**Q** 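One structure, as structure tokens, below. Some questions next.
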Amino acid sequence: MSFPFQISSREQYERDYQASIENPEKFWGEVASHFLWRKPWDKVLDWNFKEPRVEWFKGAKLNITENVIDRHLETRGEQPAIIWEPNNPDERTRVVTYNRLHKRVCQVAQMLTNLGVKKGDRVCIYMGMVPELAYAVLGCARIGAIHSVIFGGFSAQSIADRLEDTNSAYIITCDGGYRGSKDIPLKAVIDDALVGNKVVKKVIVYTRTRTPVSMIKGRDVWWEDEMEYAETQVEKDGIVSFPAVEMDAEDPLFILYTSGSTGKPKGVVHTIGGYMVWTAYTFVNVFQYREGDVYFCTADIGWITGHSYIVYGPLAVGAQSLMFEGIPTWPDAGRFWDIVDKYKVNIIYTAPTAIRSLMGFGSSPLAEKDLSSLRVLGSVGEPINEEAWHWYDENIGKSRCPIVDTWWQTETAGIMISTLAGITPSKPSWATLPLPGVEPVLVDEEGKVVTTPNEDGYFKGNLCIKTPWPGILRTTYGDHERCRTNYFATYPNLYFSGDGALKDKEGNYRITGRVDDVLNVSGHRIGTAEVENALNMHAGVIESAVVGYPHEVKGQGIYAYVIFEGKMANADLIRQDILQTVSRIIGPIAKPDKIQFVQGLPKTRSGKIMRRILRKIAEGETENLGDITTLLDPGVVEVIKNGKV
Ligand code: PRX
């Protein structure tokens, strides 16, 4: 069975694409009619990119959890919604049916209400990949609280910053989390983040690892106790209910922080109606999900991929979403393939960095794994190089599964440019064609649309989008001006993605990477300014400059040039100390791969660091460093070159 808005042929793609561009209101009004609204919209779309202001399904009322859960109960109550595979393959797996998900989400909604959480309140969630994380997210949505999930690898300081920015009074966490052979002490990190915090009223702690944790009277409560009590309230005579709170289509659903080119991460805000329609529509069409498929997205719910393509998109169409707690290489590098074999996975969606790291183990982890259930392979988060693309195609897809290379961002909520599996053609390391509703345009530095191809026959420019799609970000939390200047001011009347791209004559797009000071390390976005701020906090560091360099597994590695004051008796130890500081300030994911101590940095006469030169040196380039005559002290370049690590 196909879904009402499923594109089933190349011709239909062309037709739908045209229709979505010519009359977006009609097109999206039709798609949205397949969802459950308490009150229909007065207007499908109202927008201008100047302010910016974008409103989809204006005036409509709904609750997203009635769409992702309640409306499936009659037809598929006993079908799995979430299939959970724990970190340790010997531990019991959990299959959460739609009925069970409904009950748990009602309980969470009741528990949050009991603890004082109200519509519009912000709830920070810092948990490992357990089903309770999905319940927590959906429980917030059921009562109209705004969730802000923080990835489990962020430090106490990062959490404290996000708590302050969202002014959150509530946190949901775990005692600890499992990741491969490691136990991550989540509650202890929260405790550090809360030192001096006067705003947080309640911390709910779910027991996962049975790590000893401190529990502060009046503030910290156990998930299990609260849920048990809530169960007595939501279940009467075998009937489970907790009334979903009626929300406006444009009420915020969640805040998710992401890095930009400034030092401080931005809280991207998505609203309910458009987000729901966009994630469900793109999920069905890109992956060509079929009734009964088992779909496995390897991301963490702490990132946008997990929000949109583990939780909301799949559940909105009643899919079976497989959620995995562990890592690809533990207990061995066959972990993903064991899972595919065990659950007869039909669709897998992962990141190039995982593919590259698994490639390094050769084909032995694949031996005796039955991958014949696979039909579609997905890639997300960073450009996929041709070598990884072919390895994925040949070894995993056995050259019979389409690969969908999906380009999108936290800000876009869902997939923007991608092959539609089996419908439009794949092209190695090209994201290919825009989805219906997406009007990309490539512009040069001055904002002029690129109309002449380069010598290779490609149009090359900065990737912008001309008109709003339902999942576009609405604001950055607490600072709308920041949203405007970051995304809508570089080129007037366009949304600017921050990525560079090529387009071929057939209209296919290839994303070449960020054109701003944002790095993509193992598919994680990290701002160079953010890392520099953290480095500069280390005692003895006077100044630093951070650039990216090509890294075989991570895509990009972090290279830091550091001016250090004082004696360098043991440079290695100082390096370790500096890495500790970065871990403390941001988290282990932001630790530089290389630190080079330098005496000075290449600066222009006006004091601006010339990163172009530093980038080239980090990339191993020694000859063609470009024009260095504008430098205050060109001699510094030679010294840096000679000291490359
Ligand atoms: O540079 C692009 C890269 O990841 C950035 C978005 O990062 P984030 O908001 O963390 O979201 C990641 C998951 C969607 C983009 O600006 N990126 C994402 N997907 C691709 C990609 N680069 C190339 N090809 C992709 N398929």
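Since this is a predicted model, take the numbers as computed values, not measurements. Both ligands and their constituent atoms are indexed starting at 1 by order of listing. If you read the sequence from its start, that first residue is 1, and numbering goes on from there.
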**Q** Could you identify the single nearest non-hydrogen protein atom to atom 12 (C) of ligand 1 and state the distance to 0.1 Å?
**A** G381 CA, 4.2 Å
**Q** Indicate whether the side chain of T406 and that of Y349 have a donor and an acceptor atom separated by less than 3.5 Å.
**A** yes
**Q** How are the rings of F5 and F35 set relative to one another: parallel (under 30°), tilted (30 to 60°) or perpendicular (over 60°)?
**A**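 Parallel: the ring planes of F5 and F35 meet at under 30°.
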**Q** According to the ring pair (Phe, Tyr, Trp, His ring centres under 6.0 Å) rule, which pairs have a member within residues 387-439, sequence neighbours left out?
**A** Y309-W408, W430-Y458
**Q** Any N/O of T305 closer than 3.5 Å to an N/O of ligand 1?
**A** no
**Q** So R335 and E85, salt bridge (Lys or Arg N to Asp or Glu O under 4.0 Å) or not? Walk me through it.
**A** CA-CA 11 Å; R335 191 68 171 106; E85 171 70 16; 3.0 Å; yes
**Q** May I ask you to decide if the ring planes of Y491 and F496 are parallel, tilted or perpendicular, using 30° and 60° as cut-offs?
**A** perpendicular
**Q** At less than 4.0 angstrom from any non-hydrogen atom of V380, what atoms of ligand 1 do you find?
**A** 13 (C), 14 (C)
**Q** Quick one: look at N520 and ligand 1, take heavy-atom pairs under 4.0 Å, and tell me if it's side chain, backbone, both or neither.
**A**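 The answer is the side chain.
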**Q** Ring-plane angle category for W469 and W278, please: parallel below 30°, perpendicular beyond 60°, tilted otherwise.
**A** tilted
**Q** Considering only non-hydrogen protein atoms, determine which one is nearest to atom 10 (O) of ligand 1 and report residue, atom name and distance to 0.1 Å.
**A** R525 CD, 3.6 Å
**Q** With heavy-atom distances below 4.0 Å as the criterion, list the atoms of ligand 1 near D405.
**A** 24 (N), 25 (C), 26 (N)
**Q** Looking only at protein heavy atoms, identify the closest one to atom 23 (C) of ligand 1 and say how far it is in Å.
**A**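 For atom 23 (C) of ligand 1, the nearest protein heavy atom comes out as P383 N, 3.1 Å.
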**Q** Ignoring hydrogens, just give me the one of H524, E382, R514, M416 whose non-hydrogen atom is nearest atom 24 (N) of ligand 1.
**A**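 The residue whose heavy atom sits nearest atom 24 (N) of ligand 1 is E382.
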**Q** Nearest heavy-atom pair of T476 and V269: which atoms, and what distance?
**A**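 Shortest heavy-atom separation between T476 and V269 comes out as C-CG2, 4.3 Å.
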**Q** I need the atoms of ligand 1 closer than 4.0 Å to a non-hydrogen atom of T406, numbered in the order shown.
**A** 19 (N), 20 (C), 25 (C), 26 (N)
**Q** Does some non-hydrogen atom of A431 fall short of 4.0 Å from ligand 1?
**A** no
**Q** Hey, which atoms in ligand 1 end up nearer than 4.0 Å to a heavy atom of W408?
**A** 6 (C), 14 (C), 15 (C), 18 (C), 19 (N)
**Q** Validate the cation-pi geometry between R474 and Y275: distance from NZ or CZ to the six-membered ring centre under 6.0 Å, angle to the ring axis within 45°.
**A**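 Checked: cation-pi criterion not met.
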**Q** Could you tell me how the ring of F3 sits relative to the ring of Y289: parallel (under 30°), tilted (30 to 60°) or perpendicular (over 60°)?
**A** tilted
**Q** Go through ligand 1 atom by atom and flag the ones less than 4.0 Å from a non-hydrogen atom of I511.
**A** 22 (N), 23 (C)
**Q** Identify, for atom 9 (O) of ligand 1, the protein heavy atom at the shortest distance, and state residue, atom and that distance.
**A**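 Sorting protein heavy atoms by distance from atom 9 (O) of ligand 1 puts T410 OG1, 2.5 Å first.
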**Q** Just jot down the ligand 1 atoms closer than 4.0 angstrom to any heavy atom of D499, in number order.
**A** 1 (O), 2 (C), 15 (C), 16 (O)
**Q** Any salt bridge linking R356 with E382? Criterion: basic side-chain nitrogen under 4.0 Å from a carboxylate oxygen.
**A**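 Between E382 and R356 there is a salt bridge, with a charged N closer than 4.0 Å to a carboxylate O.
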**Q** Pairs of nitrogen or oxygen atoms closer than 3.5 Å, one from Q409 and one from ligand 1: do any exist?
**A** yes
